[in-house]
J.: 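Please see the structure below; I have some questions.
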Amino acid sequence: CKSLIRTGLLETFRRKEAWVVIFLTILMTFGAYTFTFFGVSGLDIFVKDMALTAVGLFTTIIGSVIATRQIPDDISRRTIFPILSRPITRDQYVIARAIAAFVMTSLCFVMMTTVVTLLLAALKLTFGLIFLQYIWLKLMAVMWLSAFGVFLSVTLSQSAAFTMCFVLALGSGAFSR
């Protein structure tokens, strides 16, 4: 089961989607910070909100993509057959893919959060202790999103699974921020 998780992580890391998302998060944060040049006071809350919105939205997008690609990629490359011929159950395979999706999405979220925190610290903007609660709750939401995305990819096509996962994730209150 550990080898399935490791291969799932390696396959996802090779796609380089996380780096694009981190770059877009930096652009959105800098874009929000440009409003401070107009001399309007109190925009630090807007910049922080824009940064956390970018992190939350891009985490949901990348999490949906990662989770819904795990099993269909194995089916399309026909690597699922040798994997399932080993002495593992199908439940172990699906759980390993869900864990791999959770770990990779969590790593992307932690990288984006670290980049945004360092960027805001460089701009002399800081978060309070409530930020730790945001991180914890977002990681719990990522766990749900990963499991749900893998479940949908088992029952639906890859594009339908991504669409359903993304729409339901953005429609729920847990993923709106």
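Residue numbers run from 1 in the order of the sequence given. Bear in mind the structure is a predicted one, so any value in this text is a computation, not a measurement.
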J.: How long is the straight-line distance from CZ of Phe58 back to OG1 of Thr53, given to the nearest 0.5 Å?
T.: 10.5 Å
J.: Over all heavy atoms of both residues, which pair between Gly56 and Lys138 is shortest? Give the atoms and the distance, please.
T.: O-NZ, 3.5 Å
J.: Would Val142 end up clustered with Trp136 when hydrophobic side chains under 4.5 Å apart are linked, directly or stepwise?
T.: yes
J.: Donor-acceptor pair, distance only, cut-off 3.5 Å: does the side chain of Gln92 make one with the backbone of Thr89?
T.: yes
J.: Can you give me the closest heavy-atom contact between Cys165 and Gly149, atom names plus distance?
T.: SG-CA, 3.9 Å
J.: If every non-hydrogen atom of Tyr93 is compared with every non-hydrogen atom of Ile88, which pair is closest and at what distance?
T.: CB-CD1, 4.1 Å
J.: Do the side chains of Leu137 and Leu107 join up, straight or via other hydrophobic residues, at under 4.5 Å, putting them in one cluster?
T.: yes
J.: Quick check against the 3.5 Å criterion: does Thr105 have a side-chain atom that pairs as donor or acceptor with the backbone of Phe102?
T.: no
J.: Please set out all donor-acceptor pairs under 3.5 angstrom arising from side-chain atoms of residues 111-120, sequence neighbours excluded.
T.:
unit_1 : atom_1 : unit_2 : atom_2 : d
Thr113 : OG1    : Phe109 : O      : 2.7
Thr114 : OG1    : Val110 : O      : 2.7
Thr117 : OG1    : Thr113 : O      : 2.7

J.: Apply side-chain contact (heavy atoms from CB on, under 4.5 Å) to Thr68 and Phe166, showing your working.
T.: CA-CA 10 Å; Thr68 57; Phe166 187 66; over 6 Å; no
J.: Check for me, please, whether Leu145 and Val167 land in the same ILVMFWY cluster - side-chain distances under 4.5 Å, paths through other members count.
T.: no
J.: Of all heavy-atom pairs between Gln70 and Ala100, which one has the smallest distance, and what is that distance?
T.: OE1-CB, 4.2 Å
J.: Determine the minimum heavy-atom distance between Ala67 and Val150, stating which atoms define it.
T.: O-CG2, 3.5 Å
